[in-house]
Each structure stands twice: as structure tokens, then as C-alpha cells.
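Single-structure report; data block below.
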Amino acid sequence: MPVIVLADGAEPGGHLTIIPIAHISIDSDHSHHSIKGRVVHKGPLVSSPIYHFFLKAAIEEENCGPQETSSINMVLLGTLANDFSQAVNQGDAVTASGFTVGKSPTARKDKRHLFNLLLSGEQAVIRVSPRPPGDLPTPREARTTKALPPPAAVSSAQKYTYVKLADLKPGVVVNVYGVVVFFKQPFKSRGSDMCSSLKITDQSEQKISCTIFCPKMESHPQIFQIGDIVRLHKVKTQPYKDSLTLVTTFGFNAATFSGMAGADMEPRSSSRTFSLSEEDRRMVTELRSWVASQNLLPPDLTVALSAAQPKMYFDLTCQLLAKAPVDSTCTLLRVWDGTRCPHALLKVRVDSNIVEGPTSFSEEHDKLIANVLVYDNHVRSARQLKPGDFLRIFNLRAIPGSVKVPGLSSSQVEEVNHLSFHLHGGTAYGRGIRVLPDNSPDVHELRRTMDIFHESNQEKHPEVNDSAMWGVWNTPPESPVSGASMEISTERRCDHDVRPINLGELMCCEPGGVHHVRAQLRSYQPRRLHRALKLYCSKCTSMQDVPDDERVANVYAEASAGPSGPTSPPPWSLSGPVHLAAGPAGHTLNVHLSKQLTSEGRTKELIFLTGCSLQDARHLAATYHNVVPVRWSRGGDLVLLDLSVPFLFRGRKSFYGCKQCSEGAGVREPTADGEKIMDEKDIAEAFGVQLMTFVLLLKFRLRDAGDTLDDVFLWRDAETFFGVSAEDAAVNQQAQDQIRQTLDSLCPPEGAGGDRPWLDLCLAAYNVIESNNIENTPTFYQICHTSTRSHKHLQR
DNA sequence: GATTAGGCTTCG
């Protein structure tokens, strides 16, 4: 998906609600909110070493109340900044969503909102409707406009006209709309491009073949099924065999819409300056209702595994669980769709060392897993697939009987009358594989079916915990990051004097040494990066997950509702109620300050709160240096909350203590030395809390020419590797983006087109000996002393 | 502003 969508109607899409700019707050969850306003300032595009690009802008709301803050600063990072710079002009109306909120450092100076919006990554979307012609700038804009460079050509302002398919003349470049009646997935042409073909029709009932040549997969029309509507810009008519065909020309661009009447208008397009005018909406709506009234589309061939019959050709929507190469012309895909095929399914056994994804599943799940063998040209597309991907496989064939599977010994193929599924070589009948985006309606439906299976299976077999399946199922692939292209390499920072070896040699080495290898990153876990963030206790070396906000909020809520009998605040404290204006009605909570600090005029330095929510604590952390949520014990004393939640808030950061190593921890007055503001270490020490630190933990699978190595951990030196501190990654979107970008470059997502770079790595080999199992201890590897270096190239 | 392909079941 493009990060930026330019639309004439600047309303939020789908599930988003527009909220007033004044309601933006650092405490609120704005994931379903969007804001709307006019661009009153557009800063220059600045090249940034980390994000490629960086741009500041400000938008102002129209028709807001007299007292409200009506303008807010936005910080755009990465490709979004680049897109915005090209496609948006001062005076354009925009809506923004998918932002995070931060404190605006310039609020005092520019009199804008106390907070600013940070937009980056996939979730950030800006929609733009250009300023109507003749609409004069506001006085504030007029003052600043002069300083801006002349406006770049804005594609959104361009007017497109569309030709009906019956009115096409030979040898002209046109724009057309059509309903897809046939399509083929892109395949590698003999030339330099990928080639895809489709046939479209419209109300004139003319059927026209189109040939698309584009080097990038994602620039081809993203067609998921017959009946989808495509918009093709800049295609040339070309006579071929008594009829006209359409072929891409320079400037070609495609957008695809669902053909279902009433479906949303969200286009599938790789164009970064995408424009959707009223006419576009009308064209799509008219084609949708025309299709609904006709009977011209070929039947939908989608069939669930539960309805698969021997010998049939059908389309399968499914999830990939695991895959394994069988030989150079054949790859095995293990898939499921949550339904059970009435026919016994062929079991294909492959060496577990070459399987990508889980190698075994529970018996119940196994019955639902279909083995799909893909051949020849499809081996190439299967290479891009990752376990967890949702797929549509077109023109799959159900094959009954015993099948000779290449690469298997004769004893393994004697499964008579079991169904196997083949995706034969070639592209006839649109044969091919397509990855479905996580937000597609088909994926939603698939997930529902899989949910039902899991629930009923849990009831039947509560003892079975099929972690392999859950791992894949809960780890959907992230959608491709548009334009996250940077060349990257790794550099060893150690001075070990060892000769680089290959992975095969490494696996023969005894644990305990360090080794240098050169390998590619095949896959990594967890796919959801927030799960890579852990809390680590350096004393007992335990590691735990960071609790999510909901859990933390619950603990605070429970503590607020705790005992409220007679209380005895500590003698060193001053207590009193404080009224918070936050929230719809505002509310009151109790604060406790140190007498000592208060007398020194250092009231801002430390505050204890009873009856506070998570939001309150975060809110007050913007004003007070150290915020400690506490509760009353049954005996009426101030005590710390359960250490499963943060015991301290400092700015945007929160700090946790280790439960095991903090025995006897309690609320005590920290000694203030007056020179510096006390920090988390001072407070933890005073309370007797063993501080935990944030760490990053990832597991890599490496591969070189001959071997694959699993269980390669990146942990101790993860911060060196990414050039980001784990503590920053916990609170800072920019740090998270840097990790994401690094991983995307090392292991490019499907469709991004990048090659996997070769990495120079220093690995430590070790094993963990458990007391009762000295034999057979597996060897693990850890990446050490290695950092990534990126070499960005500017985008044109 | 070149070149690619130009649907129409594998044969495992």
C-alpha cells in the first residue's frame, strides 16, 4: 500500500473518526482517529541519515471553537516525507491518521498545539484534496508562501479522461477503466520486466486484452479475483490479430478496486502520488452496479479444502504454514484454510532440516493441512513466500491416487487414493500464487474460520497446545514497506584473529568459541517487533515480556479501588488531593510529596500518586520528573504496586523492577543530593527495587551456499547491531522504525524486490547444560560485535 | 522511452 493517498474528498477511510485538533493528547489512543485541516506551513524536504527524508509541516483546522488550539505541527519521516513534499502544497486540505503524538518543542514559540504528530511507517496515511483553483491563501499563508520554492507538478491536480473500450482507436495512449474477466499473475519475461496480462470489459461489452510490462511486482495491477475493477493510466492501443490490445507505456500506473457493489473505495496501487477524483468514484460505482446487473463474469472458482474433489481445478485461499524445497523444479507448501477436506490428504515427508516454518503439528491440526506441490516457474514465486503468509493459489489441481513425488524414496509414496494438490508449471488459466494483504476481506474470513477451529479444538482437547501452529498463525506477515530501499551491510567490530568459515564447518565446531561467517538472513522471529522487546534483570538474568498497556492499566485500576480505611502517610510526606482536568469530567487523585524536596523548592522532582490510572501517571510524567504510583495497604501504609507493572514513570519512559530480586522493596524517601535531578537508579536504590532493563531479543535463521543455521540469537549486542537502544525502542517510534528498516533491508519483504545482502558476522557458539541432561545439549549461536551499516541512495 | 507477450490446463 502506498503510504500516501491523495483524494479529492479528504475524509477518513473506513473505520476512522475525525476528531478536533484540540482533542489531540499524548494520553489518548488515536489509532482510530484522524484529524483534518489545511496545510498552513510546509517545510523543506531534509535528507536525514536515518530516515532518508524528514519534513515538518503544520495544519490548521477550519471552523473550530474560539478558545481551542486550531493548528498543530506534523513531523513526517521516510518516504512519506518525500511523497508529501512532492504531492502536497500549502493550502491543500489534508486528513492524517496513523500518527503518534509527542510533545511539541516549539509550542511556546509558534503558539501551535502543545503536542505534535509524528507520521512514519506503514500505518501513517495522509489524504489530500488540492486547494480549489482561485481559492486565495489566508493572510498567514500569504506571508510565508514567498519563502517556498515554486510548487512542483502535483499529479493530484491532473485531470484524467477515460475512454470506453468500444471507442479505442489504434496507436494512441489512453486511460481506461474496466472489469477484469481474466488475469495472469506477473511472471518474468525474456526481456527486462515482469509481465502480466489481463482481459477487461466495460459497459460497451468490448473485451480487451492488456499486457503489462513493469520491472516491479507491486507496480502491476494487484488483482485478486475476476470481477475486480482496474484503472489503467497511460496504456497504448496496439492492433494484434484483428483486434486492439492495450500495452503499458511510460508513465503507466494501475489501481485496482474490489468489484463488489458497496465495497470500500480503497484502491490497491503502488503509486505514491495517487489521486482519486469524484469521477473515479463515479466510474467505479457505475462499473460495480453494471457488473452486478449482468451475468457476464466467468464463475468464481474459489473452493475451500472441505469442498475439494479429486481431479478438479480450483482457486484456494489459504495460509502458508511451512515450506520446503523438494528439488530444483518442485517446492512443497504446507497450507490450511481452517476446513477439513473429506478426502484423506497425501502426506509428504521431507527432511525437517530443510523445512522453513514448523516441522510438526498436533494430530488434529495435521488433518487439516494440505500439501501443495508447486512446479517449475512457480518455484520462483514460492521462494518469496514466508510461513504465515495468506495466499491465493490459482488453478490448483487436486490429484487423487498415489503420486510419485520427486526426491522421495519409493517407500514414501505409497499412499493410494490420498489427495495431493499440484500447481503445475506454466501460466495457463491464470495459474499462479498471490500473497493477500493482511487487511483483505478474504483474509478476515479465513481468520474467522481458523478461529472457530481453534476454539472448538481447545474445547475438545484442552491439553493440546499446538504452539507450532499458533506461532505461525499469530504472526501474520507485515505488508511490504513501500520504498524501504537501502543498501545494507554488516561490519564485525571485534578483533578475533580467526579465518571465516562457512555454516557447515561452524556446525561441526565445539561450543564455546567465536567464529566469523558470511551468510544471508533467511528469516527472523518475532515478526511483530514489539515482541522482540523484553525486560531483563541483570542480577538473576531472567527475561520477561513487556506487559501490554491493557494489563498495566488494569493493575492500576485495581489498585485505585483498593482498601480505603484509615491511612497513615509516612512522616516525611505531605499529602493532598489534586484535581486533574484530563478526561471528560476531570477527576481527583491524591498526591504525596517529600517534605524535604518541597522545602527546597523541588516539588517537580518526585511525586507519589494514589488512586491514579495509567493515563494519569503518563500525563503527570510530562510535568514531574519522577512519578511513582502507590497504593494503601490494608494496614494503611503507602506501598508500591505489584512489580509486574512500572513502579516509576520518567517522561515517556517507564521502569520495571524484578519481582524475584526486589524482596523487601517499599516506599521510602529517596535522599536527594541537590546537585542533580534524581533518576531511576536513585529511586530504585532507595526503594530496594532491582531495576530491569529493556533488551531486544531476536532469533535469526541464516543461510549460506550450502547450509541453513537456526537458533542464531541476537540479544547481547542487539543494540550495537541496530544502532538503537532497547530503551528507546520501547518508547520511540523513530527507533522502532530504524529496527524495522534494518530488518527489511536484511530480509526484504515480499514484493519489495530487494535481494538479501550477504552479512559478515561474528558468532559465539554456546550451549546451555541442564542438570539432568548433560548429553544432547543443543548448540546455540549468538551474534556478537557486529553492527549494521546502511548506504542509502536518494530516490528520484 | 528499446525489450518483453500476445491466456486456453501437467504429464511431476
Side-chain angles (χ1 to χ4, degrees), chain A residues 170-173 178 180-201 207-217 219-221 223 225-226 230 233-253 297-299 301 303 310-316 324-333 346 348 350 371-379 382 393-410 412-413 415 418-434 796:
Chain A
V172 286
V173 175
V180 176
V181 295
F182 170 78
F183 67 103
K184 247 182 202 190
Q185 299 303 324
F187 57 95
K188 185 95 189 76
S189 75
R190 287 171 208 271
S192 59
D193 293 331
M194 301 289 287
C195 174
S196 64
S197 54
L198 57 150
K199 192 177 265 180
I200 56 173
T201 189
K207 287 197 172 80
I208 296 287
S209 293
C210 315
T211 307
I212 313 294
F213 293 111
C214 266
K216 286 186 187 161
M217 270 295 273
S219 303
H220 285 256
I223 302 164
Q225 57 193 336
I226 301 287
V230 288
H233 282 173
K234 298 280 182 77
V235 282
K236 194 164 89 185
T237 52
Q238 215 176 61
Y240 178 74
K241 284 192 189 168
D242 302 332
S243 68
L244 284 177
T245 58
L246 291 168
V247 185
T248 47
T249 60
F250 184 69
F252 164 77
N253 154 327
L297 293 184
L301 298 173
V303 166
K311 293 187 181 176
M312 80 190 320
Y313 284 99
F314 66 107
D315 297 345
L316 177 68
V326 174
D327 62 27
S328 64
T329 67
C330 179
T331 294
L332 168 69
L333 303 181
L346 180 85
V348 180
V350 289
N371 286 305
V372 174
L373 293 161
V374 309
Y375 289 95
D376 303 339
N377 51 320
H378 308 299
V379 168
I393 306 178
F394 297 95
N395 200 238
L396 191 59
R397 183 149 201 222
I399 303 214
S402 72
V403 179
K404 174 101 178 66
V405 174
L408 298 181
S409 71
S410 57
Q412 289 177 304
V413 297
E415 295 209 38
H418 283 196
L419 272 194
S420 66
F421 299 92
H422 289 210
L423 186 66
H424 292 301
T427 60
Y429 282 85
R431 205 175 289 146
I433 307 175
R434 160 130 246 154
R796 269 168 294 145

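Atom set for the values below is all heavy atoms of this structure, side chains included, hydrogens, waters and symmetry mates excluded. So that the names make sense, note that chain A is the first sequence line, chain B the second, and so on, each numbered from 1.
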Does A/K241 have a side-chain nitrogen or oxygen under 4.0 Å from the phosphate oxygens OP1 or OP2 of B/dG7? yes
Among B/dG7, B/dG6, B/dG12, which nucleotide sits nearest the side chain of A/Y375? B/dG12
Just checking, any donor-acceptor pair under 3.5 angstrom between side chains of A/T427 and A/K184? yes
In whole Å, I'd like the distance from the CG atom of A/D193 to the C1' atom of B/dG1. 12 Å
May I have the distance from A/K184 (atom NZ) to B/dC8 (atom C1'), rounded to whole angstrom? 8 Å
State whether the distance check finds a donor on one side and an acceptor on the other, under 3.5 Å, for side chain A/S192 versus base B/dT4. no
Euclidean distance, atom CD1 of residue A/I399 to atom C1' of B/dT10 [Å, nearest integer]: 7 Å
Can you check the A/L423 CG to B/dC11 P distance for me, whole Å? 12 Å
Return yes if some donor-acceptor pair links the side-chain N/O of A/S420 with the main-chain N/O of A/L346 below 3.5 Å, else return no. no
Do A/Y375 and A/H422 have their ring centres less than 6.0 Å from each other? yes
What distance, rounded to whole Å, do you find between the two P atoms, one in B/dT10 and one in B/dG6? 15 Å
Side chain of A/K199 - closest among B/dG6, B/dT9, B/dG7: B/dG7
Selected nucleotide, minimal atom distance to A/Y429 side chain, candidates B/dC8, B/dT10, B/dA5: B/dC8
With heavy atoms under 4.0 Å as the rule, sort A/T211 into base, sugar-phosphate or nothing. base
note: A/F421, atom CZ; B/dT9, atom P; distance rounded to Å ~ 22 Å
Which nucleotide in B/dG7, B/dA5, B/dT3 has an atom nearest any side-chain atom of A/S189: B/dA5
Between A/R190 and B/dT3, is there a side-chain N or O to OP1/OP2 distance below 4.0 Å? no
In whole angstroms, the gap separating C1' of B/dC8 from CZ of A/F183 amounts to 15 Å
Which residue, A/N395 or A/M194, contacts DNA chain B at a nucleotide closer to its 5' end, judged by nearest heavy atom? A/M194
Examine A/F394 together with A/F183 and report whether their ring centres are nearer than 6.0 Å. yes
Is A/F213 stacked on the base of B/dA5 when the test is centres under 5.5 angstrom and planes under 30 degrees? no
Rounded distance (Å) that lies between atom C1' of B/dT10 and atom CZ of A/F394: 19 Å
Out of B/dA5, B/dG7, B/dG12, minimum distance to the side chain of A/Y240 belongs to B/dG7
Side-chain contact test, heavy atoms from C-beta onward, threshold under 4.5 Å: evaluate it for A/H424 versus A/H378 and give yes or no. no
Rounded to whole Å, CG of A/D315 lies from C1' of B/dT9 at a distance of 13 Å
